[in-house]
Q: 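Have a look at the structure that comes next, please.
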There are 2 protein chains.
Amino acid sequence: MAQSRKAKAADGGARLRLIEATAKVMRDEGYAAATSRRVATEAGVKQALVYYYFPSMDDLFVEVLRAGAEVSLARMRDALTDDDPLLTLWSLNGESRMTALNTEFMALANHRKVIRVELKAYAERVRDIETAAVAVSLRARGVDPQAFPPVVVSMLIAQTARSLCNESAVGVTLGHDEMRAFVERQLRTLAAVTPGSGR
Amino acid sequence: MAQSRKAKAADGGARLRLIEATAKVMRDEGYAAATSRRVATEAGVKQALVYYYFPSMDDLFVEVLRAGAEVSLARMRDALTDDDPLLTLWSLNGESRMTALNTEFMALANHRKVIRVELKAYAERVRDIETAAVAVSLRARGVDPQAFPPVVVSMLIAQTARSLCNESAVGVTLGHDEMRAFVERQLRTLAAVTPGSGR
DNA sequence: GTCTATATCCCGATAGAC
DNA sequence: GTCTATCGGGATATAGAC
């Protein structure tokens, strides 16, 4: 379990601890606070060790993004195969745990090419998975894919959930109750459609 | 025109230039690059002058946010009174000009209280204006406000437009064409409803 | 694999001349 | 209102001992 991939974990876990420490600092204080000294202290090692494991701070950021992406993608794949995919999509994207970190990477991606490339790849993998699950769900309910393309439905649900999270993070809650009620009403209505009635 | 408010512009425009320079640096290189030295150089003044006009860098950031908010709010008020408010809402929020700066302030707001408070106030003023305009438009078309609350419709349109912008900024365009077609089809359908038919 | 030490540079903020 | 000069500190990254 600690041996995640290849022979990467031949150390005392310092590499992994550095990645986790960096994620924590970015989440709590922003990417600008995630300096080599700061994350080293957080991980319980000395500053120079950061440069033994990562060529530069940008490389460390990329590894943090990659690690988080793998975890998120795995959870998403699991969750979208069972249950009602639409409802699962709504809950998964509404988790506030990853919100702040996502925002940091979004800002970073706007100014650092390596981050941008990595984030784009991740976002498109997520969209593919979510859209596939939504497609199955909509087809089973006989929803016309011309009128409601699966990719549109998956984007609407995911983006709305994430927007509520982002706004909550800065204290904005105006209209949130109404929006949640609306989305959940729509999802219930759709779920009530007799599966196969459209055949 | 250069005399915006009170007697603030008793200088040679240095204060305003500092605000604009800070916005530019934040947009181009991120908030972490907007240091007192960097923005001073960009504005053509010396670093110490920043602290003559602003007590701290955070205060400068707040002023940048305020200035941008005033401009955006004014444009929004103008645009939403004439034309089709729903379509205007869609276009205004789809402008990419402000996207990067908004993302920076979002990230900043997650970790700096003064920014968070200011951004929250701005976001709620925007929502109020947009919702009011949408309410008028929906009522004129006889849309049931129970089934489609104006605040929900305004959030959906605005958030979707902004999400497309944010994604485009990092190179993600998967599903964008479908989403744009979908939204514009919905807006056309709604616009085609004979005004007053619901009376 | 982890450390100490160091080179080189930039940071926010203040004091005080003009 | 704008400047020069400076304090105290932190940044990335490297060299080299253990």
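Just so it is clear: chains get the letters A, B, ... in the order the sequence lines come, proteins before strands, and each one is counted from 1.
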Q: For residues 179-189 of chain B, please give each side-chain donor-acceptor pair under 3.5 Å, one per line with the distance, not counting sequence neighbours.
A:
residue  : atom : partner  : partner atom : Å
B/Glu184 : OE2  : B/Trp90  : NE1          : 3.1
B/Arg185 : NH1  : A/Ala147 : O            : 3.3
B/Thr189 : OG1  : B/Arg185 : O            : 2.8

Q: Write down the distance between CG (A/Leu49) and P (C/dT2), rounded to a whole number of angstrom.
A: 5 Å
Q: Please report the distance, rounded to the nearest Å, between OH in A/Tyr52 and P in C/dG1.
A: 3 Å
Q: Between B/Arg17 and B/Glu20, does any NZ, NE, NH1 or NH2 come within less than 4.0 Å of an OD or OE carboxylate oxygen?
A: no
Q: Taking N or O atoms only and anything under 3.5 Å, show me the protein contacts with nucleotides 9-14 of chain C, one pair per line.
A:
residue : atom : partner : partner atom : Å
C/dC11  : OP1  : B/Thr35 : OG1          : 2.7
C/dG12  : OP1  : B/Ser36 : N            : 3.4
C/dG12  : OP2  : B/Ser36 : N            : 2.8
C/dG12  : OP2  : B/Ser36 : OG           : 2.6
C/dG12  : N7   : B/Arg37 : NH1          : 2.9
C/dG12  : O6   : B/Arg37 : NH2          : 3.3
C/dA13  : OP2  : B/Tyr51 : OH           : 3.1
C/dA13  : OP2  : B/Met57 : N            : 3.2
C/dA13  : N7   : B/Gln47 : NE2          : 2.9
C/dA13  : N6   : B/Gln47 : OE1          : 2.9
C/dA13  : N6   : B/Gln47 : NE2          : 3.4

Q: What residue pairs, at least two apart or across chains, pass ring pair (Phe, Tyr, Trp, His ring centres under 6.0 Å) with a residue in residues 15-41 of chain B?
A: A/Tyr31-B/Tyr31
Q: Does B/Glu124 have any salt bridge (Lys or Arg N to Asp or Glu O under 4.0 Å) partners at least two apart in sequence or in another chain, and if so, which?
A: B/Lys120
Q: In whole angstroms, how far is the P atom of D/dA11 from the NZ atom of A/Lys46?
A: 14 Å
Q: With sequence neighbours left out, what residues match A/Glu167 under salt bridge (Lys or Arg N to Asp or Glu O under 4.0 Å)?
A: B/Arg127
Q: Over all strands shown, is B/Val50 touching base, sugar-phosphate only, or nothing at heavy-atom distances under 4.0 angstrom?
A: nothing
Q: When the side chains of residues 107-117 of chain B are checked against the rest of the protein, which donor-acceptor pairs come out under 3.5 Å, sequence neighbours left out?
A:
residue  : atom : partner  : partner atom : Å
B/His111 : ND1  : A/Asp28  : O            : 3.1
B/His111 : NE2  : A/Gly30  : N            : 3.3
B/His111 : NE2  : A/Glu104 : OE2          : 2.6
B/Arg112 : NE   : B/Asp58  : OD1          : 2.9
B/Arg112 : NE   : B/Asp58  : OD2          : 3.2
B/Arg112 : NH2  : B/Asp58  : OD1          : 2.8
B/Arg116 : NH1  : B/Ala109 : O            : 3.0

